[in-house]
Protein chains: 2
Amino acid sequence: MAARQQNRSSQGRRRASHSMESVLTEAVALLDEAGAPALTFRALAQRLGGGVASIYWYVANKDELLDLATDHVIGSILSDVEALPGGDDPVDDLRAIAVTLFDAIVARPWLGAYFMRNTNAQSNSLRLYEHLGAQTLRLDLTARQRFHAVSAIIGVVVGSAVDLGQEPPQEVLDGHLGRDEFLGRAAQAWRELDPADFPFVHGIVDEFDGHDDADQFRSALDLTLAGLRLQAGT
Amino acid sequence: MAARQQNRSSQGRRRASHSMESVLTEAVALLDEAGAPALTFRALAQRLGGGVASIYWYVANKDELLDLATDHVIGSILSDVEALPGGDDPVDDLRAIAVTLFDAIVARPWLGAYFMRNTNAQSNSLRLYEHLGAQTLRLDLTARQRFHAVSAIIGVVVGSAVDLGQEPPQEVLDGHLGRDEFLGRAAQAWRELDPADFPFVHGIVDEFDGHDDADQFRSALDLTLAGLRLQAGT
DNA sequence: AGTACGATAGAACACCGTTCGATGCTGTGC
DNA sequence: GCACAGCATCGAACGGTGTTCTATCGTACT
């Protein structure tokens, strides 16, 4: 009985049988390969070897598809976070979690735009949120300070991620122009500004040229964490 | 001679004559009234009383339209920033600028998604960037620290703005549900979680319920600025 | 007057999310 | 063994989007 569905690609070929898992997996694969604009119902259907309308049996609309796909990968990020060793210093643990988050977004730039979009549902986002917050319970803070601290850390991650998630302006996607070259070109434009009008920009253009996004994020995070440490009075 | 174009709505009526200014103004008006999805070439053309393709004479594509519209409003934000009094403490001045930015995004939620998308051009964004950076010149920091400090502050603003710019889930847009009511409902769901699994969430749910976004932003900003002050050694 | 050119516009194209109605497949009660 | 119910699937169509093509108008200059 029912010895068919375990081998869905043998001779059936007429109809495709999916599953929530496969839909989400392929959706994430599309997002990973070519970013948010690549995830269309038609492309996804073709990849699943089925029809367009079939996807709507698993998902109400595109927003829900995005939400579920996002939650799907946040699940694996959650695993990474839970695998973190954890040490004496809660602030260091907060930093480690935040860095893990950032790394995950670097690997999947499209995540930046949808990250933490749905804190409401019983999703993995909430568990991640709890993980961050748990560290603040080890600090001497008020409830409000804890709430704001976690929001601030997520804000730093998202803020850096948005900068990062921006699609490069077409030339680098085509491979005609490397990222460093693109940065260098912008830097050159900055150098040609009037130093009297733009003293600051002139002062940091060398830092901007060829800068590392991870460094930038780490610095922003450390500023926030330093402030937090001060607040906790340790 | 040429006593026509100053009164383009009298009897001409056949053809519409626009200008870069009017295109951008109406585009911003559409964004302000109903958010990003409301800005379509057809809606904009109708508003300008002209054809769809005419807009392409002023603008290469929608991305450029968004960039220019964004830069247009950033110009007025820049005026607000330049009107700021400015005091003894550079960090306080940084805070004032950041708060001005945040307020502008609160007034125009769609800005959050596009803010600081193009630091490359000779735009108003760059001037705003310079304004922020100018304050760091009054602090005892290295060039790299200054670069990272400004990035961090922008990151906090953008991070908070993204949270804020999220379209509410349809019910509140229809007016069927107030924002506070919506927050309260989510809070209630949090309260019903197992306190053993979610100690942090339970501890801050009262803070989350009916929280003020401005407070949240201010706290995140203050953490970063406290860290910066520590770094500058004042 | 004729012409070059800045500026406008309608129609069409390809693609998108979404819906509708019909159709195949599968397990269940007779 | 067979009709039936419902789960799952799909093709085709609809309305809407950004974008392009081509034709045209109006104005200023020679």
Side-chain angles (χ1 to χ4, degrees), chain A residues 1-24 26-27 30-31 34-69 110 113-114 167 169-170, chain B residues 1-24 26-27 30-31 34-69 110 113-114 167 169-170:
Chain A
M1 35 121 120
R4 187 90 45 86
Q5 66 210 30
Q6 75 193 31
N7 185 1
R8 68 173 66 109
S9 70
S10 59
Q11 89 282 22
R13 295 224 84 308
R14 246 295 147 270
R15 318 201 124 231
S17 84
H18 318 317
S19 72
M20 191 79 249
E21 255 292 311
S22 66
V23 169
L24 261 35
E26 292 304 321
L30 276 170
L31 289 167
L39 177 56
T40 69
F41 277 78
R42 285 168 174 85
L44 182 54
Q46 186 166 13
R47 210 172 170 111
L48 290 165
V52 193
S54 306
I55 305 171
Y56 280 87
W57 195 89
Y58 295 95
V59 152
N61 50 41
K62 185 161 188 184
D63 266 349
E64 189 176 308
L65 176 62
L66 251 337
D67 281 349
L68 290 176
W110 57 270
Y114 306 106
E167 312 266 324
Q170 193 68 25
Chain B
M1 32 114 125
R4 187 91 47 85
Q5 67 208 30
Q6 74 193 33
N7 184 1
R8 67 172 67 107
S9 69
S10 60
Q11 88 283 24
R13 294 226 82 308
R14 214 94 214 74
R15 317 201 125 234
S17 83
H18 318 318
S19 71
M20 191 79 253
E21 255 291 312
S22 67
V23 169
L24 261 35
E26 293 303 322
L30 276 170
L31 289 167
L39 177 57
T40 68
F41 277 77
R42 284 168 174 86
L44 183 54
Q46 185 166 15
R47 210 169 168 113
L48 290 165
V52 193
S54 304
I55 305 171
Y56 281 87
W57 194 88
Y58 295 95
V59 152
N61 49 41
K62 186 159 187 183
D63 266 349
E64 189 176 307
L65 175 62
L66 251 337
D67 280 350
L68 290 176
W110 57 270
Y114 307 106
E167 311 265 326
Q170 191 70 23

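Chain identifiers are assigned alphabetically (A, B, ...) following the order of the sequence lines, protein sequences preceding nucleic acid strands; residue numbering begins at 1 within each chain.
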Polar atom pairs between nucleotides 19-22 of chain D and protein, under 3.5 Å, N or O only, would you list them?
| unit_1 | atom_1 | unit_2 | atom_2 | d |
| --- | --- | --- | --- | --- |
| D:dT19 | OP2 | B:Y56 | OH | 3.1 |
| D:dT19 | OP2 | B:K62 | N | 2.7 |
| D:dT19 | O5' | B:Y56 | OH | 3.3 |

Just the table, please: protein N/O against nucleotides 4-8 of chain D N/O, every pair under 3.5 Å.
none

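Take B:A45 and apply the side-chain contact (heavy atoms from CB on, under 4.5 Å) test, not counting sequence neighbours, and it matches B:V52, B:I55. For A:E64, the side-chain contact (heavy atoms from CB on, under 4.5 Å) criterion is met by A:V59, A:A60, A:N61, A:L68, not counting sequence neighbours. Remark: B:F41 engages B:Y56 in a ring-ring contact (aromatic ring centres under 6.0 Å, His included) (not counting sequence neighbours). A:R47 is linked by a side-chain contact (heavy atoms from CB on, under 4.5 Å) to A:E26, A:A29, A:L30, A:E33, counting only residues two or more places apart in sequence or in another chain.
B:L48 CG to B:Y58 OH: the interatomic distance, rounded to the nearest 0.5 Å, is 9.0 Å.
Counting to the nearest Å, the P atom of D:dG11 and the CD atom of A:Q46 are 11 Å from each other. What separates CD1 of B:I55 from P of C:dA7 is a distance of 16 Å, to the nearest Å.
Among all heavy-atom pairs drawn from B:A36 and B:Y114, the shortest one is CB-OH, 3.7 Å. A:A38 approaches A:A43 most closely through the heavy-atom pair O-CB, 3.9 Å. The nearest pair of heavy atoms linking B:S22 to B:S19 is OG-O, 2.9 Å.
Using a 4.0 Å heavy-atom criterion, one finds that A:L39 contacts the sugar-phosphate atoms exclusively.
Close to C:dA7, at under 4.0 Å from its OP1 or OP2, lies no side-chain N or O of B:S54.
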